[in-house]
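Single-structure report; data block below.
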Amino acid sequence: MEVIELDTDFGSTFSGVLTDEHGRVQAIWGSFSTQLKFGCSSSEDHQFVRGIPIYAISQVLEKIISGAQGPPLLINRVKRPMPLVRILEVELYPTLLSKARSFGLSDDWVQALVKKDPIRRQVLRVKGCLAGSKAENLLEQGDMVLAINKEPVTCFRDVENVCQALDKNENKDGKLDMTIFRQGREIDLLVGTDVRDGSGTTRVVNWCGCIVQDPHPAVRALGFLPEEGHGVYVARWCHGSPVHRYGLYALQWIVEVNGKQTPDLDAFVNVTKELEHGQFVRVRTVHLNGKPRVLTLKQDLHYWPTWELRFDPDSAMWCRKTIKALDYTGI
């Protein structure tokens with residue numbers, strides 16, 4: 001993220017907005033947190049404030065005002081269609097042109113990028129692609145992004161602007177004509193973009209004390225999704241639960257339950273709702289680092305029933321539904 005830093009230090013507790021001389025908001029003065037490492041084992045939380053450019057919000061707000069085409073959502077008792085935002089699901093970071101030249105970038109391109117942005121004097125490089133994105137198998141780590149649609153790009157906003165422009169051009173098929181520099185060669189690629197509605201996570205399932213969901217973008221940004229299925233990601237576990245007792249922790253996918261594949265939450269619910277109280281269950285998982293694992297746990301429906309939470313866009317509320325619990329009628 002490109003942020004704004006001020007010469008005057010207001011401290012880490014001050015928040016608000018940054019405006020121009022006419023009072024128009026230019027940025028949100030927001031709080032950030034990071035970890036500073038000391039030595040090999042110790043680290044300390046560090047909080048600081050920076051300005052977040054307002055265009056990140058205004059682009060979406062303009063679509064809402066002008067009439068979006070996404071799924072409806074209830075906001076302040078008014079149902080509004082949410083905007084569909086087109087993005088290039090690639091993590092980028094800036095590199096100084098002086099350093100890029102040492103990697104073999106030609107003087108012609110250096111001059112073109114300096115002319116485009118004489119202040120930053122930088123080129124964007126690929127850190128990684130989000131797993132499951134249309135750019136995943138095209139762009140590689142270390143690629144320098146020189147131009148998009150034959151126009152030089154030097155900052156994140158340049159990339160976001162050309163992505164938004166695709167919605168106005170129906171003949172582009174959602175693809176960007178990118179010129180990149182890879183291992184001493186210039187390459188032209190047609191790279192697809194992805195459309196997101198911004199809803200985020202809308203459904204979670206609690207089974208035996210673990211919270212599973214479809215992987216959110218922060219997980220996909222790590223660049224790995226298991227081939228066996230990636231719709232049942234363990235995001236959290238509860239202390240004292242069966243998954244805690246038997247070692248089914250977070251940061252992994254559940255890909256099989258008792259030999260039945262669980263590629264998504266629907267398949268996972270269909271399998272687990274047939275399991276009985278006290279039954280031993282064999283679970284196959286794939287960790288975030290790609291390592292598979294098989295474990296067995298004992299289901300406890302008395303203290304840990306299976307339930308799900310779903311977000312209802314019509315009421316803008318989360319609804320809880322019990323999927324499987326201990327039947328006390330026969331007791």
Next item on the list: Compute the ring centroids of Trp253 and His230, then answer whether they are less than 6.0 Å apart.
Entry: no

Next item on the list: State yes or no: are the ring centers of Trp237 and His239 separated by less than 6.0 Å?
Entry: yes

Checklist line | Heavy-atom donor-acceptor pair, Asp177 side chain to Leu190 backbone, under 3.5 Å | finding: no

Salt bridge between [X] and [Y], side-chain N to carboxylate O under 4.0 Å?
| X | Y | value |
| --- | --- | --- |
| Asp167 | Arg86 | yes |
| Glu256 | Arg282 | no |
| Arg284 | Glu228 | yes |
| Lys324 | Glu274 | no |
| Arg203 | Asp266 | yes |
| Glu308 | Arg310 | yes |

Check: When Trp207 is tested against each of Val212, Leu248, Val234, Ile323 for side chain to side chain contact (heavy atoms under 4.5 Å, CB included), which residue passes?
Finding: Leu248

Item checked: Single-linkage hydrophobic cluster, 4.5 Å side-chain cutoff, Leu97 and Ile148 together -> no

Note to self: If hydrophobic clusters are built by linking Ile, Leu, Val, Met, Phe, Trp and Tyr wherever their side-chain heavy atoms come under 4.5 Å apart, do Leu92 and Val162 end up in the same one?
What the structure shows: yes

Check: Is it the case that more than 12 heavy atoms not belonging to Gln47 sit under 6.0 Å from its CD atom?
Finding: yes

Check: So, for Val257 and Phe268, which heavy atoms are closest and what is the spacing to 0.1 Å?
Finding: CG2-CE1, 4.0 Å

Next item on the list: Check whether NZ of the Lys or CZ of the Arg Arg125 lies under 6.0 Å from the centre of the six-membered ring of Phe103 and within 45 degrees of that ring's axis.
Entry: yes

